[in-house]
Amino acid sequence: MKILSIESSCDETAAAVVENGRNILSSVVATQVEEHKLYGGVVPEIASRRHCEAINGVVAEALKQAALSFDGIDAIAVTYAPGLIGALLVGVNFAKGLSMATGLPLIPVHHLRSHIASNYPAHPELEPPFLCLVVSGGHSHIVEVTEYTVMKVIGKTRDDAAGEAFDKAARTMGMPYPGGIHLDKAAEDGDPDAFRLPRPKVEGAPYDFSFSGLKTAVINQIHNASQKGEVLPVNDLSASFRKAVVESLMENFIKAAEVLGYHKLVLAGGVSANSLLRRRLEQECQRRHWQCYYPPLNLCGDNAAMVGAQGYYEYLAGHTASASLNAKPTQNIELG
Ligand code: KG4
Ligand code: ZN
């Protein structure tokens, strides 16, 4: 089954063709990051406008690269939630229009479910059940994936998402948006024990996260130093901050796996590109003889191939939508 998939939840306009949830026939991503960089973050109104301009060409290019016309497509999948509402609406309405014009079934896909599915094309042997750490710019969840479309959130952030914390710390250090990747690179040449930073815990909720205190601690250190006319070593500060975030994520993730009895651990979301997080997961799983998986770097960030991958399993579970489908800015991953 070949699915044409569309993603427009934030600042990438993307389309792909994916066969049977695993085989990527094409994947096209038009990023708006250069424009949002000017403002230090995503400007929702600009994002919506750029999606409108790009979506027609991006979808046409995905079909062209797959060497297919609509005759060769079996269904249309689209990210419908969560995300920037104006941005999501562009993809949802485009997909609805295509579905109406072609008569093909329409499959609504939850953005975080699709991040989890970004692992399927690269790891043909990966099947649920597994435990997944979903870490993106907007969310940090530990999710039990019992079946492809049956999920339970067992821990989440109480404040900032991991990606958001990376971006805000990076911005204070003068790095361009989105700063996560720059901070990660700077950290590779730094001393992770150079700065003492808090390791926040949420009382009574062993699998929940809190990153806002950590973010504030690093911002305060930078501001205090600059008031004294000092410049802090960016590499050491990046390495110390990255270590604090990754240790906090890993501690809860491993604890949850031990208590719930999962020996198959999966990373997903933009922050799964983080080099220390990938290394630490490998180490912890190797030590315990557990299996671990993370997406290839080109599928960690937002893309439509992951929407086509999850869309296939949503379709098999009977989750299609009518033309009344609407976009939603928030939606629980458990509800799909
Ligand atoms: O999943 P994603 O592409 O978009 C959302 O759904 O939010 O995640 C984007 C987030 C950004 O905060 C970005 O800085 C972060 O992922 N990110 C990283 C790295 N690469 C991307 N954070 C830490 N280390 C990285 N290497
Ligand atoms: Zn995302």
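Indexing begins at 1, ligand by ligand and atom by atom, following the structure's order. Just so you know, these numbers come straight off a predicted model, no measurement behind them.
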Item to complete: Would you please indicate yes or no on a ring centroid separation below 6.0 angstrom for Tyr148 and Tyr120?
Response: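 Yes, close enough.
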Contact check: [X] vs ligand 1, nitrogen or oxygen atoms, below 3.5 angstrom:
X: Phe166; answer: no
X: Gly163; answer: yes
X: His115; answer: yes
X: Gly137; answer: yes

Which residue supplies the protein heavy atom nearest to [atom], what is that atom called, and how far is it?
atom: atom 15 (C) of ligand 1; answer: Val271 CG2, 4.0 Å
atom: atom 24 (N) of ligand 1; answer: Asn274 ND2, 2.9 Å
atom: atom 22 (N) of ligand 1; answer: Gly180 CA, 3.6 Å
atom: atom 21 (C) of ligand 1; answer: Gly270 O, 3.4 Å
atom: atom 2 (P) of ligand 1; answer: Asp302 OD1, 3.6 Å

Sub-3.5 Å donor-acceptor pair from the side chain of [X] to the main-chain atoms of [Y], do we have one?
X: Asp167; Y: Pro178; result: no
X: Glu314; Y: Gly311; result: no
X: Lys2; Y: Asp74; result: no

Item to complete: Consider ligand 1: state whether an atom of it lies below 4.0 angstrom from any non-hydrogen atom of Gly138.
Response: yes
Practice prompt. Please verify whether a non-hydrogen atom of His111 lies at under 4.0 Å from ligand 1.
Written response: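 Right, His111 reaches ligand 1.
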Worksheet item: So does Arg287 pair up with Glu284, basic N to acidic O under 4.0 Å?
Response: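 Yes, charged N to carboxylate O under 4.0 Å.
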Discussion item. Suppose clustering is done on Ile, Leu, Val, Met, Phe, Trp and Tyr with side-chain heavy atoms closer than 4.5 Å. Which residues sit in the same group as Leu63?
Written reply: Leu4, Ile6, Val17, Leu25, Ile55, Val59, Leu68, Phe70, Ile73, Ile76, Val78, Tyr80, Val90, Val92, Phe94, Leu98, Leu104, Leu106, Leu325
Worksheet entry | Linked, directly or transitively: Phe130 and Met151 (ILVMFWY side chains, under 4.5 Å) |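 Yes.
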Fill in: Glu203 atom CD: more than 12 heavy-atom contacts under 6.0 Å
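Not buried by this count: 12 neighbours or fewer within 6.0 Å.
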Worksheet, complete the sentence: Among the N/O/S atoms of Asp302, the Zn ion (ligand 2) lies closest to OD1
Discussion item. Quick one about Ser275 and Asp184 (side-chain donor to acceptor, distance below 3.5 Å, no hydrogens or angles considered), yes or no?
Written reply: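 Looking only at side-chain atoms, Ser275 and Asp184 do form a donor-acceptor pair, the distance falling under 3.5 Å.
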Fill in: Side chains of Ser9 and Glu7, donor plus acceptor under 3.5 Å
yes
Worksheet entry | Vertex the Zn ion (ligand 2), rays to NE2 in His115 and NE2 in His111 - rounded to 10° | 100°
Worksheet item: Can you list the ligand 1 atoms lying under 4.0 Å from a non-hydrogen atom of Gly301?
Response: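 Selected atoms, number and element: 3 (O).
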Worksheet item: For ligand 1, does Asp184 get within less than 4.0 Å through its side chain, its backbone, both, or neither, judged by non-hydrogen atoms?
Response: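 Asp184 to ligand 1: side-chain contact only, backbone stays beyond 4.0 Å.
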Worksheet entry | Structural part of Asp167 in contact with ligand 1, heavy atom criterion under 4.0 angstrom | side chain
